[in-house]
Amino acid sequence: MTAPDYSFAPFLARRQTADYYRDAELLPQLFHHYAGERAARLEFGIEGLAAEAAGRYRAWAETAALPENRPWLLPYDGHGNRVDRIVRPLETRLMEREIFGLGLFRAAVDPWERLVKLLILHQNGEHGVACALACTQGLVVLGDALAPELAPPVREAWQHCKEGRDGDYGIAAQFLSEIQGGSDVAANRASAVPDGPAYRLAGTKFFCSAAHADYALVTARVAGDEGVSLFLVPTWLTAEDRAAERRNHQRIRRLKRKLGTWELPTAEIEYDGALAWLVGRRGRGLPLVVAHVLTTSRLAVSIFNVAAMLRAFREARLYAEFRTVFGRPVGQWPLTAALLEDLRARVRESLAGLFAVHAEHLALGGVGVGFPRDADLDLRRRRLRLRLLILLQKATTARDCVVFLERALSVFGGHGVMECFSDLPRLLRDAHVNEQWEGPRNLLLYQIYHDLRRAAEWYPRRHLPGRPGGRCGPGAVCRARLGGGGRRPRRCARALRTRAGASVGARPRRDHAPLPARRPGGPLTAGPDGRQRATPSRIPALRAYIRATANAPRTPSRPAAPMERRSVARMERSGIRGTPSDRRHPS
């Protein structure tokens, strides 16, 4: 007699009946906290969408993610006409039509309802629709900010994406990167030539996601302009062109094969005289893209990351409650219990942070975050803070999501890497791709640094070394030696003594003595006995430094700090007599 087969039915039944809203960690509580009295009225529609997302949408997403259902390119039809048709599975097209039909970006939709619905939809990890949603919202936000100055064709496209047209909602994309620049949009070579009220675009965009969209925001350079401009390029100029699949003077060279987001068609697109309309001012396309389009997309990526973490934690917890090993459920073993508790804390933190950033975003108008210079000082600081928070949130959730999914997979053991058993391997691949969308980590950190540098004048300086009345601290830099010549800033003498443990209670001297410049080979060399000794050429300079600090204000005697004692011992072994601490702290 054979033993009965092992069954996962209890786990699968619990997973299939999971509520994407009620079973999402902390989500209902945060929604009620931020939406207030409106939450009870809006929950009916949210719960209905959660049931659809956990049922039909989930099954469609799993089918669309199969390798055999990847989008593919059909360049010509059966009669030899160039069509560049992107063939996608029926499940993706059905899901896209229903989700866009919700009209999530209409002016009448409550912003907190929109956020919660996006968190519910993105738990399925379906990028074929998710990326198109994010890009469409970017066009809507840009249109909201520039509504009074939009050209009629741009206004029509904006309304098509935002409010719909006879129940049909437009889909937008953003094609910015080129092969020579990547994230460096300012290096774009695509050109735009005026043609009456419109422009004609020529050039190739290298990484175009949501390539099936109805409209695209494209950056290009007009001859004579220093900066790039932003244009709206419709994929089809008329309804007849769309029916006949005649594109607006553009060709799809190929579709990309990526690490993840397989359901999302990403292409190289070549423009050859495509009709386009200017958005905003000429030569000011990059600030518009960063302030509105990329800001919106970075918020969307953070939503997607947090949604994936919600899904991964819920399914890992359900599996840990179901699976029994060595006589007890997996979740009752101490290390796994600690892991689940840590995952629970991390997903709650990420979700709470997401809501807090969105609250600040809505408080400032809910549009893109530019770099204001003519607003009130307090408003400028607040908008800068939000801008930095959005960048930090995108970089942090992108990295955290990868680590989170890796740890959640470990709860499943060998089943964790089987894509036929769970969607978490697919979510992990997609999370790696999300780290690169809308700027990889280093680019975001550089943007933060650049913004802080530009906004330095909005904040009083805490350290003004080298100036009358200035105050030096451990990290102060002497400004007296920054007169030019490309020389590096040097730590002033008082700042160095502070770093070594000296008191900073006395008033600093104004004639700071900068350290001598380093010379090739470094200040120390190895002696015959293997010990480090001062290079002879450095000894006079070090003695000059000691003499320069001899007249520093005296402070009460105190024992030398450990770091200072080590410095004294090293100099005495090198044959140098007298130290700053000898003169400042007589015994």
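From a predicted model like this one, the values you see are computed outputs, not experimental measurements.
In this structure a side-chain-to-backbone donor-acceptor pair under 3.5 Å is present from Asn248 to Leu275. In terms of modelled atom types and a separation under 3.5 Å, the side chain of Asp84 and the main chain of Ile252 share a donor-acceptor contact. At distances below 3.5 Å, at least one donor-acceptor pair connects side-chain atoms of Arg380 with backbone N or O atoms of Ala375. Side-chain N or O atoms of Lys258 include one that pairs as donor or acceptor with a backbone N or O of Leu264 at under 3.5 Å. Between the side chain of Asp430 and the backbone N or O of Thr261, at least one donor-acceptor pair lies under 3.5 Å. Panel note: side chain Thr266, backbone Ser209; no donor-acceptor pair is recorded below 3.5 Å. Checking side-chain atoms of Thr295 against main-chain N and O of Val290 turns up a donor-acceptor pair under 3.5 Å.
Environment of CZ in Arg284: sparse, with no more than 12 heavy atoms of neighbouring residues, nucleotides or ligands closer than 6.0 Å. Within a 6.0 Å sphere centred on CZ of Arg454, heavy atoms belonging to other residues, nucleotides or ligands number more than 12. In Arg97, the CZ atom is not crowded: 12 or fewer heavy atoms of neighbouring residues, nucleotides or ligands sit closer than 6.0 Å. Within 6.0 Å of CZ in Arg38 there are more than 12 heavy atoms belonging to other residues, nucleotides or ligands. Atom CD of Gln180 sits in a crowded spot, with more than 12 heavy atoms from other residues, nucleotides or ligands closer than 6.0 Å.
Look at Glu360 and Arg382 and you find a salt bridge, because one of the NZ, NE, NH1 or NH2 atoms lies within 4.0 Å of a carboxylate O, short of that distance. A salt bridge links Glu268 to Lys256: one of the charged nitrogens lies within less than 4.0 Å of a carboxylate oxygen. Between Arg41 and Glu113 there is no salt bridge, since no side-chain N of the basic residue sits under 4.0 Å from a carboxylate O of the acidic one. For the pair Arg85 and Glu245, the salt-bridge criterion is met [side-chain N within less than 4.0 Å of a carboxylate O].
The one candidate from Tyr169, Phe105, Phe100, Tyr215 that meets the ring pair (Phe, Tyr, Trp, His ring centres under 6.0 Å) condition with His160 is Tyr215.
In this view, Asp400 satisfies the side chain to side chain donor-acceptor pair (under 3.5 Å) rule with no residue, not counting sequence neighbours.
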- Message: Apply salt bridge (charged side-chain N to carboxylate O under 4.0 Å, His left out) to residues Glu270 and Arg253 and explain how you reach the verdict.
- Response: CA-CA 7 Å; Glu270 179 182 355; Arg253 288 184 170 183; 3.4 Å; yes
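One distance of note links SG of Cys208 with CG of Leu255; it measures 10.5 Å at 0.5 Å rounding. From Tyr21, atom OH reaches atom CD of Gln123 across 12.0 Å, with rounding to the nearest 0.5 Å. Atoms CZ and CH2, from Arg70 and Trp262 in turn, are 4.5 Å apart once rounded to the nearest 0.5 Å.
Between the side chains of Asn305 and Lys394, not a single donor N or O lies within less than 3.5 Å of an accepting N or O.
The closest side-chain heavy-atom distance from Leu351 to Met309 is not below 4.5 Å. Residues Leu230 and Leu142 meet the side-chain proximity criterion, which asks for heavy atoms closer than 4.5 Å.
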